[in-house]
Protein chains: 2
Amino acid sequence: MATIIDIARRAGVSVATVSRTFSHPDKVRSGTREKVRKAVAELDYSPNALARSLRQMRSGTVIVIVPSIQNTFFSGIVQGVENVAHDNGFRVLLGETQGRQERLDYYAAMVSSRVADGLILLGSLLPGEVTERMKEGAGLPMPLVLACERFEDLTCPHVAIDNEKGAYEATRHLIDQGCRRIATVSGPAGNTLSQDRVVGYRRALAEAELPFLPDYVLEGDFTVESGYSAMADLLLVEPRADGIFFENDEMAIGALRAIREAGLSVPGDFAIVGFDDIRFAEFVDPPLSTIRQPTVEIGEAAMELMMRTLRAEDAGATEIILDHQLIIRASSDRSAGWTG
Amino acid sequence: MATIIDIARRAGVSVATVSRTFSHPDKVRSGTREKVRKAVAELDYSPNALARSLRQMRSGTVIVIVPSIQNTFFSGIVQGVENVAHDNGFRVLLGETQGRQERLDYYAAMVSSRVADGLILLGSLLPGEVTERMKEGAGLPMPLVLACERFEDLTCPHVAIDNEKGAYEATRHLIDQGCRRIATVSGPAGNTLSQDRVVGYRRALAEAELPFLPDYVLEGDFTVESGYSAMADLLLVEPRADGIFFENDEMAIGALRAIREAGLSVPGDFAIVGFDDIRFAEFVDPPLSTIRQPTVEIGEAAMELMMRTLRAEDAGATEIILDHQLIIRASSDRSAGWTG
DNA sequence: GTGAAAGCGCTAACAT
DNA sequence: ATGTTAGCGCTTTCAC
């Protein structure tokens with residue numbers, strides 16, 4: 001495997017010139033550049049990024065942490081991250097945690113060992129190292145940007161939508177459709193994003209002077225399966241709800257099955273709204289109303305914040321809130337019946 | 001940021017000893033080991049993986065290439081890869097191509113520049129570098145393992161299921177359910193995996209002495225959207241099909257919507273079978289019959305092959321074929337009506 | 001069991 | 001514009 005020395009020898013120049021040809025081409029005369037390019041082609045050389053990173057003390061790589069690549073919601077965000085990373089000469093790699101702390105800590109260790117320069121977190125987990133530092137009241141132990149989730153007591157650049165408002169609008173929409181007994185299926189209790197959405201749900205109820213009933217608040221974990229079983233539980237609650245706000249689309253899709261199996265219908269018996277607008281949302285029966293998040297923009301903003309952090313501009317506690325959008329489909333449309 | 005020298009100084013030993021404490025603890029007396037561990041804790045040291053990789057000439061990282069993290073099928077495979085990687089002290093990172101050649105080439109370049117040691121490919125794309133070398137009749141330019149897809153003229157370790165047989169069984173099952181006019185929606189034409197499945201479909205037809213009608217073979221691209229539009233086309237074909245084999249579940253789910261919108265039913269008007277058994281398959285209406293692939297096992301086998309390749313054991317053209325399974329759900333069950 | 005030292009491939013400061 | 005060289009942090013002979 002050819003090294004920079006081989007190229008230098010072959011091109012009849014110094015290693016410094018070869019290096020410059022790659023990093024600062026404008027500082028090399030074009031004739032020289034040509035000689036180098038020729039040698040590179042002949043020997044099929046490609047620079048050793050490890051050596052370069054070691055020397056430069058930065059890897060030029062960021063890792064995006066997703067809870068699950070099975071969750072169809074993250075793709076747009078990753079796309080956005082990559083757009084900006086590419087413009088800045090950075091690589092993007094993905095890590096999947098499957099909700100396991102150890103897995104996240106494993107990726108965090110890659111930053112500590114300088115395999116990557118920073119982490120963009122899409123999930124609801126924080127590296128153990130970070131949690132410890134927070135307790136000590138110290139700063140972040142590594143460059144970190146949160147996309148979507150926020151954490152109590154953690155000062156960290158962060159981009160998201162206004163979850164409280166999104167949930168409020170979803171619930172409000174159900175009320176406008178004539179629902180009066182509105183339930184919700186939330187994410188895991190510790191999840192701030194989920195908590196924010198529950199707050200929005202309650203605000204909409206309060207504003208419409210509808211009672212808040214604890215029995216109408218079920219806890220899920222954002223999976224289809226949990227939506228199915230939460231719905232099974234909800235079917236037993238009297239009086240029966242007539243509208244349900246699901247805190248993500250996957251759970252809503254799981255619930256559709258439970259409702260179908262019970263011989264009930266949507267939106268006739270239950271008007272339904274989800275959250276995220278995943279790709280399947282408009283293909284289920286009936287097509288799912290939902291809150292669409294601007295995923296690509298979230299990713300772009302997150303990577304911008306990461307770049308600022310890495311340039312030591314200290315993005316600090318910068319918080320970027322982007323706009324969401326209520327998408328009305330048949331699952332909540334009681335005005336015209338529903339034809340699918 | 002502490003380096004190995006800081007630790008050596010603090011522990012009162014040489015850098016060699018510190019290094020050995022991490023890499024070959026058995027070659028260090030336990031008392032010495034303890035001193036080192038103490039210094040490490042005090043200075044919050046973590047070894048610079050770049051320096052280590054540079055010295056060892058291997059990065060200890062493999063990249064798994066997925067076409068899209070929106071495709072819910074890959075998660076299990078990644079899980080399997082990680083199981084084996086972890087046992088071997090390897091890191092796993094993901095790269096998403098979104099079907100774009102440039103993106104794949106970008107990840108391939110990470111191997112050339114020694115950021116990663118090899119690539120595990122889940123998609124239907126090959127790095128440009130590899131394609132070129134193939135034309136020259138040369139060997140692989142980098143460690144590569146194919147999971148799922150195979151390529152003509154490419155000698156490369158590879159793990160998959162028997163796609164031809166899976167498709168045969170799916171089609172055969174439709175025939176057993178009484179279907180006589182069976183259509184199929186394939187993947188992109190160039191895709192070998194898709195070609196293999198079409199072959200299996202045709203074999204089942206031939207065996208049952210059913211005619212093969214080109215009009216009954218539609219081309220999709222494995223997305224929900226393409227399933228929807230292929231189905232829209234298929235609805236216009238006379239005589240109308242009564243059974244359809246979709247080469248993946250996503251397309252089948254898209255088709256369900258088109259069928260619904262046409263006022264037709266499944267499995268009454270069309271019995272349907274998909275492929276992959278993605279998580280949503282049993283939650284759609286009606287639940288989808290499908291061919292389940294042993295995803296975790298595929299990933300494990302792929303990483304085993306990668307390890308062999310990296311240990312220069314030259315896995316060569318090793319091919320591992322794993323068992324699939326026909327999952328029968330309501331979408332193809334005409335024996336008992338369908339209750340969802 | 002432990003230490004001294006060479007060197008992995010590259011970049012950047014300095015010299016010419 | 002180009003060359004010389006130190007050194008990034010680590011591992012690994014080779015001595016002792």
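The sequence lines fix the lettering, A, B, ..., with proteins before strands; numbering per chain opens at 1. The model shown is predicted, which means the values in this text are computed figures rather than measured ones.
In this structure, B/T32 reaches the C/dT2 phosphate: one of its side-chain N or O atoms is under 4.0 Å from OP1 or OP2. A/S14 has no side-chain polar atom (N or O) that falls below the 4.0 Å cut-off from OP1 or OP2 of D/dT2.
Within residues 44-56 of chain A, the residues approached by DNA chain C to less than 4.0 Å at the level of any non-hydrogen atom are A/Y45, A/P47, A/N48, A/A51, A/R52, A/R55, A/Q56, in residue-number order.
Look at CZ on B/R9: it is 14 Å from P on C/dG3, rounded to the nearest Å. Per the geometry, CG belonging to A/D26 stands 14 Å off C1' belonging to D/dT2, to the nearest Å. Here D/dT2 presents its P atom at 8 Å from CZ of A/R20, a figure rounded to the nearest Å. Straight-line distance from the CD1 atom of A/I5 to the P atom of C/dG7: 11 Å, rounded to whole Å. For A/R33 and D/dA1, the CZ to C1' distance is 12 Å, given to the nearest whole Å. For the pair B/R114 CZ and C/dC8 C1', the computed distance is 11 Å after rounding to whole Å. Remark: C1' of C/dT11 and NZ of A/K27 are 14 Å apart, rounded to the nearest angstrom. Residue A/R29 contributes atom CZ, which lies 13 Å from atom C1' of D/dG3 at whole-angstrom precision.
When all heavy atoms of B/E96 and A/S75 are compared, the pair lying nearest together is OE2-OG, 3.0 Å.
Looking at heavy-atom distances under 4.0 Å, B/V18 makes no contact with the nucleic acid at all.
Closest contact between the side chain of A/T3 and the listed nucleotides C/dG3, D/dT12, C/dG9 involves C/dG9. Closest approach to the B/S19 side chain among C/dG9, D/dG3, D/dT11 is made by D/dT11 (side chain taken as heavy atoms from C-beta onward).
For the residue pair A/E152 and A/T192, no side-chain donor N or O sits within less than 3.5 Å of a side-chain acceptor on the partner. No side-chain donor-acceptor contact under 3.5 Å links A/R103 and A/T97.
Remark: B/L93 CG to A/L94 CG distance equals 8.0 Å, nearest 0.5 Å. Residue B/R9 holds its CZ atom at 10.5 Å from CG of B/L43, rounded to the nearest 0.5 Å. From B/I77, atom CD1 reaches atom CG of B/L122 across 5.0 Å, with rounding to the nearest 0.5 Å. We find the CZ-OG distance between B/R150 and B/S124 to be 12.5 Å, quoted to the nearest 0.5 Å.
Along DNA chain C, the nucleotide nearest to B/M57 and the one nearest to A/H24 differ in position, and the one closer to the 5' end is contacted by B/M57.
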